[in-house]
Amino acid sequence: MTAAPQTWRAWLLHPAPASRRQAQLGGWFRAWLAFRRNSLAMTGLVIVALLVLIAIFAPVLADRNLAVQQVLEDRLQAASALHWFGTDELGRDILTRMIFGARITLVIVFLVSAIVVPIGLAIGLPAGYFGGWVDAVLMRITDIFLAFPRLVLALAFAAALGPGIENAVIAIALTAWPPYARLARAETMTRRNAEFIQAAKLLGASEFRILATQILPLCLPSVIIRLTLDMAGIILTAAGLGFLGLGAQPPAAEWGAMVSSGRQVLLDQWWVATLPGLAIFVTSLGFNLLGDGLRDVSDSRS
Amino acid sequence: MTVARRIAAPLRKIGSLLVSVGLTFLGLTCVTFVIGRVIPIDPVLAIVGDKASNETYERVRLQLGLDQPLLEQYWHYLVKVVHGEFGTSVMTAHPVLDDLLSVFPATLELATLSLVIGVVGGIPLGVYAAVNRGRWQDQLIRFMSLLGYSMPVFWLGLIGLLLFYAKLGWVAGPGRVDVGFDDMVPAVTGLMTIDSLLAGEDEVFWNVLSHLVLPSSILGYLSLAYVARMTRSFMLSQLKQEYILATLAKGLSPFRVVWIHALGNVWVQLVTVIALTFGSLLEGAVLTETVFAWPGLGLYLKNSLFAADLNAVLGGTVLVGVVYIVLNMLSDVVYTLVDPRARGQGT
C-alpha cells in the first residue's frame with residue numbers, strides 16, 4: 001500500500017473516468033484540492049472539525065460532574081492549574097462547562113437544519129417544478145415568512161410556549177426556512193425542462209419520483225453550502241435567545257446563558273462572561289469561513 | 001409611448017406591491033393571533049387565575065369572545081390591530097400602543113446612528129475591496145466583515161463596556177443619559193440628542209452622545225460588515241461590464257469611473273441592503289438594549305416577556321413586523337422609481 005496514494009491520486013484525477021463512481025469521486029477530489037488552497041476556508045474546517053470532536057468526546061475530555069457540581073468555596077476563582085479558565089459564580093469549572101456547551105450548540109444547529117431543509121425543499125421543489133398557481137401560492141407564503149423579524153418572532157414564540165431548547169429550535173426553524181425554499185425553487189426551475197427529466201417522464205416516472213430522485217439530489221449541493229453559511233446565524237440567534245434566558249435553561253451549560261450569568265460579575269471577574277462568548281464567536285466564525293470557502297469552490301466550478 | 005401608459009406601468013407595479021404588503025400584514029397578524037389566542041393552554045385562566053369561580057370564568061370567557069368561531073375572533077383581532085389597539089400592558093398598566101410609542105424613539109436614535117456609521121464606512125470599504133479584488137486589501141476587508149458576521153452582539157457589547165467604560169473610562173456606561181441629567185430636557189422629538197440641542201443644554205447633549213457612542217459603534221460595525229460585503233459583490237458585477245472599459249477608453253479617470261459611474265449604478269441595489277440593515281438593527285435591539293440598559297423597544301419587549309405580559313410582547317412584535325414590511329415596501333418603491341428597467345416598460 002506504500003504506492004497507493006500516488007495511484008489513488010492518478011485514478012481520481014484521470015481525465016477519462018471509466019465509471020460513474022470514478023467521475024463522481026474525481027469531481028469531489030478536485031473540489032477538495034481547490035478548497036485546500038484556501039487557507040481561510042481550511043481554518044474554518046479545522047475549527048468546525050475540532051468543535052465536533054470536542055462535542056463527541058466531551059465526557060473523555062472533562063469530568064461531567066465539574067460542569068454541574070457547585071463548590072461554593074471555589075466560586076469566581078481566576079484561572080489556575082486546576083481550573084484553566086477559572087470558575088463561575090457557583091464554583092463550577094468554566095472550561096468543563098464550555099466543553100459540554102459545544103454539545104448543546106451542535107444539537108441546536110443539527111435540529112434546526114433537520115427541520116429547515118425538508119420544509120424548504122418541500123415548498124421549493126414543487127413551486128419550481130409545477131410553476132403556475134402552485135408556484136404563486138407557495139412563493140407568496142414564503143415571502144410572508146421572509147418578511148418576519150427572526151429574533152422578535154422567536155421571542156414571541158418563547159413567550160407563548162415557555163423558554164427551553166425545543167421551543168428555541170422551533171422558533172428559529174420557523175423563521176429560517178424561506179431562503180431554502182427560494183433556493184430549491186431556483187435550482188429546480190433551471191432543470192425542469194432538461195432532457196433527462198423528459199426521459200424520466202417518458203419512462204413513466206411519477207411527478208413525485210422525478211422530484212425525489214432526479215431533481216432533489218441536484219439541489220442538495222447548493223442547499224448544503226447555504227446551510228453552512230447559515231449555521232453561524234443560527235448559532236448566534238440560539239446564543240442570543242440563551243443570553244436573554246429563553247433558550248436552554250439552567251443548569252444546562254449553554255454558552256449564551258453562561259455569558260448572561262457572568263454579566264453580574266463582569267467588572268471584577270471578566271472571564272466568567274467573556275470566555276463562553278469567545279466560544280460562540282470562534283464557532284460561528286469557523287462556520288462562516290467554511291461556508292465562504294465552499295461557496296468559492298462551487299462558484300469556480302460552475 | 002403615451003403619457004397614460006407611462007403612468008400606468010408604475011401604478012400597476014405599486015398596486016401589486018400594495019397587495020403583497022397587505023398579504024404579508026395578514027400573515028403577520030395571523031401568526032401573532034395564533035401565538036396569542038391559540039397556543040396558551042387557556043387564556044381565561046391566565047387572567048382569572050385557577051381559584052376563580054365558574055361564573056367569573058364564564059364571564060371572562062364571553063368578554064374575550066372565546067365562544068365565537070376562530071375566524072371571527074381573528075377578524076376582531078385584526079380590526080383592533082389596525083386601529084392600534086393592542087390591549088393594556090400588565091406590566092405598566094398603560095395601553096400597549098402608548099408604551100411602544102414612548103420607547104420607540106430611543107431605539108430609533110440608536111439604530112439611525114448605527115446605520116449612518118455602517119453606510120458611511122461600509123460603502124467605501126466595499127468599493128475599495130472590489131477595485132482591489134484578490135489583493136491583500138480585499139482579503140483584509142473580507143476577513144474584517146466575516147469577523148463582524150460572526151460576532152455575538154451581546155458579547156461584543158459586554159467587552160466594549162468592560163474595556164472602554166470600566167477600564168479606560170472613555171465613554172459613559174449603560175443607559176441613555178446620566179441619572180443626574182434625567183428629565184432635564186423636555187421630550188419634543190424623543191430623540192435625546194436633538195431634544196437637548198433644541199433646549200440648548202450643551203452639557204446634556206455631550207452626556208447623551210457619550211452614552212450613545214459605544215452601542216452605536218458596535219452596531220455600526222456589524223452593519224458595516226454587511227454593507228461592505230454586499231457593496232463589494234455589486235461592484236464586482238459592475239466592474240466586469242463593457243461600459244467600464246468604454247468610459248476608461250474615452251479617457252475618464254479611473255477614480256471617476258469607479259466612484260461615479262460604477263457606484264452610481266449600484267445605488268439602487270444598495271437601497272435594499274440599507275433597508276434590510278435598518279430592519280435588522282431594530283430587531284437586534286433586543287440584545288443590545290439588554291446589554292446597555294437602553295430604554296428602547298428591545299428592552300421593553302424583553303422586560304414584558306419576563307413579566308409574562310403577552311399583550312405587550314405581541315404588540316411589540318406587530319410593530320417591529322410592520323416596520324419591517326414598510327421598509328421592504330419602501331425599498332421596492334425606490335427601486336421602481338430610480339431604476340427605469342424595473343418599471344416594466346423601458347424606453
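Everything numeric in this text was worked out from a predicted model, so none of it was measured. Only this structure's heavy atoms are used, side chains among them; waters, hydrogens and symmetry mates stay out. In the text below, chain A, chain B and the rest are named by the order of the sequence lines, each starting its count at 1.
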Output for pair (N288(A) CG, M151(B) CE), nearest 0.5 Å, gives 11.5 Å

Report the distance from atom CG of L40(A) to atom CG of L146(B), rounding to the nearest 0.5 Å.
-> 7.5 Å

Determine the minimum heavy-atom distance between [X] and [Y], stating which atoms define it.
X       : Y       : result
S284(A) : S150(B) : OG-O, 2.6 Å
P152(B) : G277(A) : CG-O, 4.1 Å
D292(A) : R142(B) : OD2-NH2, 2.7 Å

Does any heavy atom of chain A fall under 4.5 Å from the side chain of [X], the backbone, both, or neither of them?
X       : answer
V313(B) : side chain
Y324(B) : side chain
L314(B) : side chain
L23(B)  : both
L147(B) : both
Y165(B) : neither
V291(B) : both

Check: [Y] and [X] side chains under 4.5 Å, non-hydrogen atoms:
X       : Y       : value
I280(A) : W155(B) : no
I159(B) : F281(A) : no
T274(A) : L158(B) : no

Who passes side-chain contact (heavy atoms from CB on, under 4.5 Å) against L45(A), sequence neighbours left out?
->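 Expected list: W32(A), F35(A), M42(A), L290(A).
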
Note: vs chain B, highest number of non-hydrogen pairs under 4.5 angstrom among L278(A), L289(A), I141(A) is L278(A)

Cut-off 4.5 Å, heavy atoms of chain B, and the answer for A239(A) is both

Can you list the residues that meet the side-chain hydrogen bond (donor to acceptor under 3.5 Å, both in side chains) rule with T283(A), with sequence neighbours excluded?
->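 T283(A) satisfies side-chain hydrogen bond (donor to acceptor under 3.5 Å, both in side chains) with no other residue.
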
Could you point out which residue of L244(A), V259(A), L236(A) forms a side chain to side chain contact (heavy atoms under 4.5 Å, CB included) with F154(B)?
-> V259(A)

